Amino acid sequence: MDQHRPVKVIAVTGGKGGVGKTNVSVNLSLAMSEMGHRTVLMDADLGLANVDVLLGLRPKKTVADVLDGECGLEDVLLSVNENLRIVPASSGTQEMTALSPHEHAELIHAFSSIADDVDVLVVDTAAGISDSVVSFIKAAQEVLVVVCDEPTSITDAYALIKLLNRDYRMTRFRVLANMVRSEQEGRNMFGKLLTVTDRFLDVTLQYVGSIPYDENVRKAVQRQVAVLQAFPKSKVSLAYKQLANKVNGWPVQAVPRGHLEFFVERLVQGARSSD
């Protein structure tokens with residue numbers, strides 16, 4: 001086992017609720033796991049957990065127990081298949097939505113204990129631009145911004161990117177159009193966002209493609225199973241597999257950027273070994 005191998009960390013976000021972030025996170029994670037990557041999906045909507053609900057899982061422990069010191073992170077992991085494990089959050093717990101910076105740091109550091117068993121970490125953030133959302137995005141290497149065809153989705157995605165750029169100097173974002181009626185509709189959505197970011201911000205956006213609208217997603221949600229499992233040959237499942245192929249090609253960051261990050265010890269080790 002290469003002790004210096006970095007972990008690919010992707011934050012799935014969007015600003016607005018209802019754009020399908022959790023469905024994207026779940027199905028992208030599944031698709032990555034089916035490619036043979038040891039994948040962990042963190043439900044980072046700490047007070048309104050829904051990853052476990054989408055997958056019909058019933059967690060006995062959550063990240064709240066990790067923060068309370070009652071167990072380690074490895075004790076809360078739920079297996080979905082051979083290569084995919086879930087870190088569940090708690091639901092209806094207000095304290096978890098108002099963690100201090102120290103508690104966020106503790107939670108992010110807790111992931112170091114499982115570094116040897118992870119190739120990819122997908123972080124499903126909450127809606128909005130709270131401190132919690134920003135903490136987890138900053139701690140990731142890649143930011144995947146999910147948008148859908150609603151004016152408020154583009155506006156909120158722009159607000160999130162603006163905040164991250166202005167206050168934290170983040171400059172690189174990847175954009176996924178979700179629930180599109182056509183490939184062109186996805187490109188149009190990206191174009192709208194690009195128009196405003198190019199005009200007002202110093203950022204680079206990359207369009208990573210689109211996920212089609214598909215009634216099978218709703219059916220899968222009702223059955224509490226991922227659409228990739230329930231309807232593996234559907235157009236939406238094929239789109240998720242294509243997305244996973246693209247994500248697979250993204251370079252893995254190998255050196256720390258100087259702030260709180262997931263698996264930062266790995267990055268420090270990697271930087272030392274390459275000196």
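For clarity, every value in this text was computed on a predicted model and none was experimentally measured. The basis for the numbers below is simple: all heavy atoms, side chains too, and nothing from hydrogens, waters or symmetry mates.
- Within the 4.5 Å cutoff, side-chain heavy atoms of Val87 are placed close to those of Phe111.
- The pair Arg174-Glu142 meets the salt-bridge criterion, since a charged nitrogen lies less than 4.0 angstrom from a carboxylate oxygen.
- Val236 places none of its side-chain heavy atoms less than 4.5 Å from the side chain of Tyr213.
- No side-chain heavy atom of Lys162 sits under 4.5 Å from any side-chain heavy atom of Phe200.
- Closest approach of Leu78 to Pro88, counting heavy atoms only: CD1-CG, 4.1 Å.
- Under the 4.5 Å side-chain contact rule for hydrophobic residues, Ile154 and Val175 share a cluster.
- Among pairs with a residue in residues 217-226, those fulfilling side chain to side chain donor-acceptor pair (under 3.5 Å) read Glu215-Arg218, at least two apart in sequence or across chains.
- Checked by atom type and distance alone, the side chain of Ser153 never pairs as donor or acceptor with a backbone atom of Val147 at under 3.5 Å.
- The closest side-chain heavy-atom distance from Leu164 to Phe173 is below 4.5 Å.
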**Request:** Decide yes or no on side chain to side chain contact (heavy atoms under 4.5 Å, CB included) for Ser90 and Leu46, but give the supporting numbers first.
**Result:** CA-CA 6 Å; Ser90 49; Leu46 299 179; 5.7 Å; no
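- Val221 and Val53 end up in different hydrophobic clusters when Ile, Leu, Val, Met, Phe, Trp and Tyr side chains are linked at under 4.5 Å.
- Counting heavy atoms from C-beta on, the side chains of Leu121 and Phe263 come closer than 4.5 Å.
- In plain terms, the two heavy atoms of Leu73 and Ser113 that are nearest each other are CB-OG, 4.1 Å.
- The side-chain contact (heavy atoms from CB on, under 4.5 Å) test with Val146 is passed by exactly one of Asn23, Val19, Thr13: Val19.
- Counting only distance, with no hydrogens or angles, the side chain of Lys8 and the backbone of Asn248 share a donor-acceptor pair below 3.5 Å.
- Judged by distance alone, the side chain of Arg58 and the main-chain N or O of Gly56 form a donor-acceptor pair under 3.5 Å.
- Counting only residues at least two apart or on different chains, no ring pair (Phe, Tyr, Trp, His ring centres under 6.0 Å) pair has a member in residues 66-89.
- Residues Leu160 and Phe190 fall within the same hydrophobic cluster, defined by Ile, Leu, Val, Met, Phe, Trp and Tyr side chains chained together at heavy-atom separations under 4.5 Å.
- Closest of all the heavy-atom pairs between Gly72 and Val66 is O-CG2, 3.9 Å.
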**Chi angles and distances behind the side chain to side chain contact (heavy atoms under 4.5 Å, CB included) call for Asn245, Met35** = CA-CA 9 Å; Asn245 272 320; Met35 292 170 74; 3.3 Å; yes
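- With hydrogens and angles disregarded, no donor-acceptor distance shorter than 3.5 Å links the side chain of Arg187 to the backbone of Ser182.
- When the side chain to side chain contact (heavy atoms under 4.5 Å, CB included) test is applied to Ala139, the partners found at least two apart in sequence or on another chain are Ile108, Phe262.
- Residue Lys241 places its NZ atom among more than 12 non-hydrogen atoms of other residues, nucleotides or ligands, all under 6.0 Å distant.
- Asp202 CG: 12 or fewer foreign heavy atoms inside a 6.0 Å radius.
- For the pairing with Ser33, the side-chain hydrogen bond (donor to acceptor under 3.5 Å, both in side chains) check across Asp119, Asn81, Thr39 returns one residue only, Asn81.
- Here the straight-line distance linking atom CG of Leu67 with atom CE of Met96 works out to 5.0 Å at 0.5 Å rounding.
- Hydrophobic clustering (side-chain heavy atoms under 4.5 Å, transitive across Ile, Leu, Val, Met, Phe, Trp, Tyr) groups Val122 together with Val208.
- No donor-acceptor pair closer than 3.5 Å links the side chain of Lys138 to the backbone N or O of Met170.
- Residues passing the side-chain hydrogen bond (donor to acceptor under 3.5 Å, both in side chains) test with Asp75, sequence neighbours excluded: none.
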**Request:** Begin from the C-alpha positions of Gln242 and Lys246 and carry the test side chain to side chain contact (heavy atoms under 4.5 Å, CB included) through to its verdict.
**Result:** CA-CA 6 Å; Gln242 282 182 325; Lys246 286 180 184 170; 5.6 Å; no
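- With values rounded to the nearest 0.5 angstrom, Leu48 atom CG is found 8.0 Å from Thr97 atom OG1.
- You'll find the side chain of Asp149 reaches within 4.5 Å of the side chain of Lys192, heavy atoms only.
- Nearest heavy atoms, Gly20 versus Asn178: CA-ND2, 3.6 Å.
- Judged by distance alone, with hydrogens and angles left aside, the side-chain atoms of Ser237 form a donor-acceptor pair with the main-chain N or O of Val227 at under 3.5 Å.
- Between the NZ atom of Lys16 and the OG1 atom of Thr152 there is a distance of 4.0 Å, given to the nearest 0.5 Å.
- Qualifying side-chain hydrogen bond (donor to acceptor under 3.5 Å, both in side chains) partners for Ser100, counting only residues two or more places apart in sequence or in other chains: Glu103.
- Inter-residue side-chain proximity for Leu193 and Ile161 is flagged as met; some heavy-atom pair is nearer than 4.5 Å.
- Within the 4.5 Å cutoff, the side chain of Glu185 has no heavy atoms near those of the Ser210 side chain.
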**Request:** Could you walk me through whether Val76 and Cys71 pass the side chain to side chain contact (heavy atoms under 4.5 Å, CB included) test, one step at a time?
**Result:** CA-CA 8 Å; Val76 307; Cys71 63; 3.7 Å; yes
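- Note that OG1 of Thr125 is 10.0 Å distant from CG of Asp43, once rounded to the nearest 0.5 Å.
- Closest heavy-atom contact between Val133 and Gly128: CG1-O, 3.6 Å.
- Rounded to the nearest 0.5 Å, atoms NE2 (His109) and CD (Glu261) are 10.5 Å apart.
- Going from atom CG of Leu238 over to atom CD1 of Ile211 covers 10.5 Å, rounded to the nearest 0.5 Å.
- Scanning for side-chain hydrogen bond (donor to acceptor under 3.5 Å, both in side chains) contacts around Asp214 gives Asn216, with sequence neighbours left out.
- Lys61 places no side-chain N or O within donor-acceptor distance of the main-chain N or O of Glu70, the cut-off being under 3.5 Å.
- When the side chains of ILVMFWY residues are joined at heavy-atom separations under 4.5 Å, either directly or via intervening members, Met189 and Met179 end up in two distinct hydrophobic clusters.
- The two residues Ser135 and His104 make their nearest non-hydrogen contact at OG-ND1, 3.6 Å.
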